[in-house]
Amino acid sequence: MSSAPASPSNKESLAKPSNFLRQVIERDLEQGTYAQRQWGGTPGDAAHHQQGTPDPAKIRTRFPPEPNGYLHVGHAKSICLNFGLARDYGGICHLRFDDTNPEKEEIEYVEGIKDVVHWLGFGWDANGTSHLYQASDYFDFMYRAAEYLIEAGHAYVDEQTPEQMRINRGDFSRPGVDSPYRSRSIDENLTRFREMRDGKLTDGAAVLRAKIDMASPNINLRDPTIYRIKHAEHHNTGNKWCIYPMYTYAHPIEDALENITHSICTLEFEDQRPFYDWLLDRLAEGGLINTPHPRQYEFARLNLTYVVTSKRKLRQLVDEGHVDGWDDPRMPTIVGLRRRGYTPESLQLFAERIGVSKADSWIDYSILEGALRDDLDPKAARAMAVLDPVKLVITNWDDLHGAGFLDACSAPVHPHAPERGKREFQFGRELWIERTDYEDTPPKGFFRLFPGNKVRLKYGHVIECTGATRDANGTLVEVQAKLVPDTKSGTPGADAIKVKGNITWVSVADGVQAEVRLYDRLFSVPQPGTGEKDFLEELNPGSLKVVTAYVEPSAAAARSGDSLQFERHGYFTPDRAAANGGITFNRVTGLKDSWGK
Ligand code: ATP
Ligand code: MG
């Protein structure tokens, strides 16, 4: 068997840490497990694919969201995994909307999901073909497959009550009991199933069950339900159907029709794998689906500390107003992370670092932030911002330079990328500095402003503090200092005066006022909702703090999607305009990990 030469992307993949999924795929490629398969150009049954051409995709994976909410960071892991594996191994990843449940889907979510997959850096077009599919397009085939199972003696219509069915299923210690309907004739089953389809029966009156083994130690094999009656309109098929396939029946068929090779899902589906294989083996025997059929592989879902990753809980946070919508920057939704200032590259890096495993675990939020910092550090333009401003007055400025004089200063856009140029700002008589940069009486180790001490205003001049003014409540309202002449950064002799403190500032003359949103963890415990308390009681009441800051002109010019590093403070990104129309920033993350503290 010949193996294709490694493509550049294939070589790149070799540098990535291996994992059990990569090993499975590499083994399948080596053994040519799927090498003989045909592809009919679109999803379809065995006959459709057999008249096609050799499948141009070496492997096919899929990301199959149910369009019933916004995607979260766990889905990002799954997207990066499925699209990433297809990219690395010469394959194609399908985006498939799993819309077989008539009651839950909403069109709004479909667009949202397409959007974030693109934003994350992936797409479903390959060789001029769009691989965007919806499971409800396969209802006709699913129905045909169900009739086939009945005809082959592998399925029957059960009319026990749901309660009887539950009792007769047994449990871990008790085998199940056969339904009295289990021995119906094929003809009777077919007639009854068609009556179900034709709307002759009410919801819950009957179900179609696979006929497998009521004594199986795996309860999922005790004649699982594959079709149920539901008189409900479907967003795609309207009122055509009043019976709908169960997820566990629909999903393997969707994979098979789409020529999926590696069907990757989370661990809770491990017990379903025997049914996945049973069903596809039966349909392959009947010549209904292409072979070899897809295989299911399970990995541990992502649990991230200090947030919740369940659509239901996220919806509750939104619906009950605990957060400001699905894209609230504190939310672990992809739209929330995006608005917060996360980049697609940082989420891809995160997904790569956490890898995939077979064991459930909690990933520390600091790993997500670490990936973000590593991505932003080389990219983010630097700027100065004062988040808790107090005025500093240079009392000898007018004597030295004349009233109203402004001294042009500059600093590199990025300290390690001189080619990115310089940013310009003015130094004048009045400046904004951080309130915490002044102390009347310095504690040990404090090298910033206190009477008699000299510090450098970064990229500006050295000053000597002379005093400060407080109001009746003792609140600091102004700090005073004198400029030390001939100390301007970058001029000859500027370093003649040695100082221990170096502080950031923004001048009153050209600083721009901005609303800055400082976020903290959304929940105050690492594993919300896993203990005695309801997860809502574990929300962090201090997860959002809004301050009025001043930023240098270059920062005020930043646009949506730009990443900035405010020196000393962390990474920030512009957000939607404030209520008063002013500019706003979100703090993406601090400069250092503070989660452990
Ligand atoms: P939720 O439980 O939050 O509603 P879900 O599994 O019902 O999520 P789907 O839309 O069915 O949401 O998920 C689409 C894909 O994303 C599935 O293949 C699922 O395995 C995967 N996925 C969902 N949550 C996670 C997670 N926390 N970590 C990794 N993959 C996930
Ligand atoms: Mg699901």
Side-chain angles (χ1 to χ4, degrees), residues 19 21 60-86 93-101 103-106 108-114 116-117 120 122 124 132-136 246-248 250-252 254-255 258 260 262-273 276 294-319 326 331-337 347-348 350-363 365 367-368 527-530 535:
N19 59 51
L21 290 171
R60 285 183 192 263
T61 55
R62 84 285 174 270
F63 175 66
E66 229 179 301
N68 63 352
Y70 283 86
L71 302 185
H72 53 64
V73 63
H75 295 113
K77 172 180 176 176
S78 182
I79 292 170
C80 292
L81 182 63
N82 281 294
F83 282 93
L85 289 171
C93 181
H94 299 184
L95 175 60
R96 178 202 309 150
F97 288 104
D98 212 323
D99 60 350
T100 51
N101 186 347
E103 284 169 330
K104 288 206 296 202
E105 290 86 23
E106 278 180 52
E108 167 198 359
Y109 300 125
V110 168
E111 289 310 312
I113 291 169
K114 283 157 69 175
V116 301
V117 173
L120 276 171
F122 301 104
W124 44 88
L132 174 68
Y133 301 115
Q134 48 184 349
S136 57
M246 302 300 285
Y247 180 82
T248 48
H251 202 87
E254 295 157 23
D255 287 343
E258 291 181 18
I260 300 302
H262 301 83
S263 176
I264 300 164
C265 64
T266 42
L267 277 178
E268 65 270 26
F269 293 102
E270 195 168 14
D271 290 345
Q272 294 288 354
R273 188 176 356 116
Y276 186 102
R295 297 280 164 186
Q296 174 181 305
Y297 303 91
E298 308 88 17
F299 71 100
R301 64 191 293 117
L302 169 68
N303 295 305
L304 190 61
T305 58
Y306 295 103
V307 295
V308 290
T309 48
S310 132
K311 277 187 213 151
R312 185 183 59 78
K313 288 180 178 172
L314 293 173
R315 180 186 309 280
Q316 204 179 336
L317 292 176
V318 174
D319 288 350
W326 287 99
M331 289 279 272
T333 50
I334 302 176
V335 284
L337 292 166
L347 292 175
Q348 287 180 25
F350 171 68
E352 231 162 78
R353 284 186 181 168
I354 59 176
V356 285
S357 80
K358 293 279 282 175
D360 269 321
S361 67
W362 284 76
I363 298 291
Y365 205 91
I367 297 183
L368 178 62
Q527 302 181 3
T530 57
F535 79 109

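We count ligands from 1, going down the list as the structure has it; atoms in each ligand are counted the same way.
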Element-labelled atoms of ligand 1 that are located less than 4.0 Å from some non-hydrogen atom of Ser310
3 (O)

Please identify which atoms of ligand 1 are closer than 4.0 Å to at least one heavy atom of Thr266.
20 (O), 29 (C), 30 (N), 31 (C)

Identify the two heavy atoms, one from Met331 and one from Leu317, that lie closest to each other, and give their separation to 0.1 Å.
SD-CD1, 4.0 Å

Quick one: does His75 get an N or O within less than 3.5 Å of an N or O on ligand 1?
yes

In terms of ring plane angle, is the pair Trp326 and Tyr109 parallel, tilted or perpendicular, where the classes change at 30° and 60°?
perpendicular

Distance filter under 4.0 Å to His72 heavy atoms, resulting ligand 1 atoms:
3 (O), 24 (N), 27 (N)

Tyr70 and side-chain hydrogen bond (donor to acceptor under 3.5 Å, both in side chains): which partner among Arg315, Lys311, Glu108?
Glu108

Near Ser78, which atoms of ligand 1 are under 4.0 Å from a heavy atom of that residue?
16 (O), 21 (C), 30 (N)

Polar proximity ligand 1 side, Ile264 side, N/O cut 3.5 Å exclusive
no

Ligand-residue contact atoms, ligand 1 with Pro64, heavy atoms, under 4.0 Å:
14 (C), 18 (O)

Phe299 versus ligand 1: do any nitrogen or oxygen atoms come within less than 3.5 Å of each other?
no

Proximity winner for atom 29 (C) of ligand 1, if only heavy atoms of Gly74, Ala300, Ala76, Pro67 are counted:
Gly74

Pro64 pairs by side chain to side chain contact (heavy atoms under 4.5 Å, CB included) with which of His251, Glu258, His94?
His251

Min N/O separation Glu66 to ligand 1 under 3.5 Å:
yes

Set of side-chain hydrogen bond (donor to acceptor under 3.5 Å, both in side chains) partners for Thr266, sequence neighbours left out
Glu268

Select the closest option to atom 15 (C) of ligand 1 among Phe63, Tyr70, Tyr109, Phe97, judged by heavy-atom distance.
Phe63

Could you verify whether a donor N or O on one side chain and an acceptor N or O on the other, from Tyr247 and Glu254, lie under 3.5 Å apart?
no

Which residue from Lys311, Arg315, Lys313 reaches closest to atom 7 (O) of ligand 1 through any of its heavy atoms?
Lys311

Gln348 side chain near Phe122 side chain, heavy-atom distance below 4.5 Å
yes

Can you name the atoms of ligand 1, numbered from 1 with element, that are less than 4.0 Å from a heavy atom of Thr309?
3 (O)

Enumerate the salt bridge (charged side-chain N to carboxylate O under 4.0 Å, His left out) contacts for residues 67-78, please, sequence neighbours excluded, ordered by first and then second residue.
none

Minimum heavy-atom separation for Ile260 and Arg96, please, with both atom names.
CG1-NH2, 3.8 Å

